[in-house]
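Protein chains get the first letters and strands the later ones, always in sequence-line order, with residue 1 at the start of each. Hydrogens, waters and symmetry mates play no part in the numbers below; they use all other heavy atoms, side chains included.
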Amino acid sequence: MTRIIVPGRANGIVLKTTNPINFLGAVDKKTGIIHDQKCDIFKKSIKNTILVFPHGVGSSVGAYTIYSLKSNNTAPAAMICQKADLTVASGCALANIPMLVLGDEEFNAIKDGKEIQIDTESEKILN
Amino acid sequence: MELSKEEQSALNGEKGEVLQTAYRILVATGEATKAEKLIPVNWAHLSGVNYNTIGDSGEEFLRTISQDAKVKVKTTVNPMGFDFDHISEFDHIDDDFIQKQKSIRDSYIRMGVEPTFSCTPYDIFTLPEKDTQVSFAESNAAIFANSLGGLKTNKESAFSALASALTGKSPYSDLRKNQTDTPLTIQMKLDNPNELDFGLLGFFAGKVGDTSVNISGVSEPDRRSCKALCGGMGTSGTCAKFQFTEDVENTEKIDFGKEEMTKTYDELNTSDKGDLITLGSPQLGLQELSDLSSMLKGKSFQKRCMIFCSRAVQNQARNLDYTNEIERAGGEILSDCCTCLTPLINPSETDSVTTNSVKGAYYLKNSTGVDVNLKSLSNIIEDETR
């Protein structure tokens, strides 16, 4: 089941990680590059990607990091999670970054590197 | 999520841009937690006050919205980056940082918050009656409120708590609802645990717990240990509530014994000594300052020791004379800031920090970028004073 947390439209290349993301600390907000060595997308840029990750963790201030990424033009085009958390949901809401939560099966089916479109107004949200 | 007519019109922008933004956040967090409606809250506690964490975009955002935004309910705020009364003693903090921090402080004050600059609002104010709905973004405060204060909050984000402050509302979901069964119990197996053990227990429990855990095998820890537990738990995961209970028959059980404690300790302790000492994350309360003052009788710190407490607690402690002994012993009492994420600790001059705080240890290592020597308060006094 697809749940719309923040509506909108986006397209981009999927960047997928199996690690939860702590936005405060794991991401360089100036460049959008992941600088947490423990993360399996270490050194990759999340800018303009469809960022696919299980859920956010860590500091509640991570919401500001998401907003800063958007202000610095280094934010993902959209985010897709398996479980919604308040930090990512509120950060995306303020930054107007479309955000979806998918069921386990749909989440697992998304392949890293694939180009996808999101349109929360359309009948088929994910293409 | 169902919205009332009034809420829907605010979301549509009919009550201005600030409230539209606030309701957009509440709708997203409501959808995220599958809430069916919004309910009133009567206290919000905000994170996102330290320029170190929110940066230029955050400073600009707050400066802009504070032109129109006013908080609707009692709102307290987290620590800033430093203590304005002592900033001249720290040469490495540049003027840009000071100006931006001042701007953030002024924006919050313009919105009508209580200028507490504290991560321990529960040490400053009398808590409202049991089951009152609040909206706390600081994780240790949310866990304290739910677990020891009898209040109800989810582990809010900086923006969800800000939205609650501006609207007086929050989505009715998860821990705000009446308690359902907690499926997991951590069985405390350490004898005579000190506050460091409780911090490590919290960090361990936060990793394995989901939204709520039971903790068994613990008998009435003191406030210092309780705060350490809340701080540790809030740092490592998503868990926002614990309950001390022995009634755990139908739950999954995980032991926290010597082995688990050592493993957690080794993950956070990266040095066998520190260049300086910090006490307070969470910020120390009045009783903790009183205890510290007694422990320091006739002794002096052999290296710099920064002691963090809220302004309100510092003022009370001064009136009660707890600060004399601490300052005589060489302790520097700092308010409005905390071990976590303060730029007062300069990584280009400091390689490692000694602290008894598990939460402090995590942020010192991962954000400040210094090594950490973790030891209990009694060991700190024994090893670091003469």
Side-chain angles (χ1 to χ4, degrees), chain A residues 1-8 20-30 35-39 54-75 79-101 120, chain B residues 21-34 45-50 52-62 65 78 135-139 141-142 154-163 170-171 173-174 206-207 210 234-238 240 340-341 362-363 365-367:
Chain A
M1 200 196 78
T2 303
R3 285 161 55 212
I4 301 165
I5 308 300
V6 180
I21 297 179
N22 181 348
F23 278 88
L24 180 75
V27 189
D28 182 330
K29 54 193 177 205
K30 296 224 165 73
H35 59 187
D36 177 0
Q37 292 184 28
K38 286 179 193 146
C39 196
H55 57 90
V57 283
S59 172
S60 64
V61 187
Y64 271 96
T65 309
I66 294 173
Y67 177 75
S68 298
L69 287 165
K70 183 74 175 189
S71 306
N72 296 337
N73 292 316
T74 51
M79 298 199 201
I80 298 177
C81 293
Q82 200 167 11
K83 197 170 96 178
D85 69 278
L86 295 181
T87 297
V88 175
S90 65
C92 286
L94 187 64
N96 268 320
I97 299 170
M99 182 196 169
L100 305 176
V101 170
T120 57
Chain B
T21 304
Y23 275 97
R24 214 168 67 218
I25 292 166
L26 293 178
V27 168
T29 51
E31 294 298 334
T33 54
K34 299 181 184 164
H45 180 83
L46 310 183
S47 61
V49 186
N50 187 342
N52 229 2
T53 59
I54 70 170
D56 291 331
S57 321
E59 183 269 332
E60 198 186 324
F61 165 73
L62 291 168
I65 69 155
N78 246 7
S135 183
F136 282 10
E138 162 56 39
S139 59
N154 285 324
K155 193 179 172 187
E156 301 294 337
S157 83
F159 291 150
S160 68
L162 178 61
S170 187
S173 55
D174 297 347
K207 275 191 183 181
D210 185 10
T235 305
S236 61
T238 54
C340 298
L341 301 152
Y362 178 87
Y363 285 103
K365 180 71 193 160
N366 291 294
S367 298

Chain B contacts, top residue of A/A93, A/A84, A/G58, A/S90 (heavy-atom pairs, under 4.5 Å):
A/S90
So how far is it from [X] [atom1] to [Y] [atom2], rounded to the nearest 0.5 Å?
X: B/L162; Y: A/S60; atom1: CG; atom2: OG; result: 11.5 Å
X: A/K29; Y: B/I54; atom1: NZ; atom2: CD1; result: 8.5 Å
X: B/S170; Y: A/L86; atom1: OG; atom2: CG; result: 8.0 Å
X: B/E59; Y: A/S68; atom1: CD; atom2: OG; result: 11.0 Å
X: A/L94; Y: B/F61; atom1: CG; atom2: CZ; result: 4.5 Å
X: A/S59; Y: B/N366; atom1: OG; atom2: CG; result: 12.0 Å

Where at least one partner belongs to residues 80-94 of chain A, residue pairs that pass salt bridge (charged side-chain N to carboxylate O under 4.0 Å, His left out), sequence neighbours excluded:
A/K83-B/D210
Any side-chain heavy atom of B/N50 sitting closer than 4.5 Å to one from A/Y64?
no
Please examine the side chains of B/E31 and A/V101, heavy atoms only from C-beta on, and report whether any two atoms are closer than 4.5 Å.
no
Sort [X] into side chain, backbone, both or neither according to what part of it lies under 4.5 angstrom from a heavy atom of chain B.
X: A/V6; value: side chain
X: A/D36; value: neither
X: A/L24; value: side chain

Identify the two heavy atoms, one from A/V61 and one from B/G48, that lie closest to each other, and give their separation to 0.1 Å.
CG2-N, 3.8 Å
Applying ring pair (Phe, Tyr, Trp, His ring centres under 6.0 Å) to A/F23 and not counting sequence neighbours gives A/F53
Portion of B/S139 that has a non-hydrogen atom of chain A nearer than 4.5 angstrom
neither
Non-hydrogen atoms of chain A under 4.5 Å away: do they reach the side chain of B/T21, the backbone, both or neither?
side chain
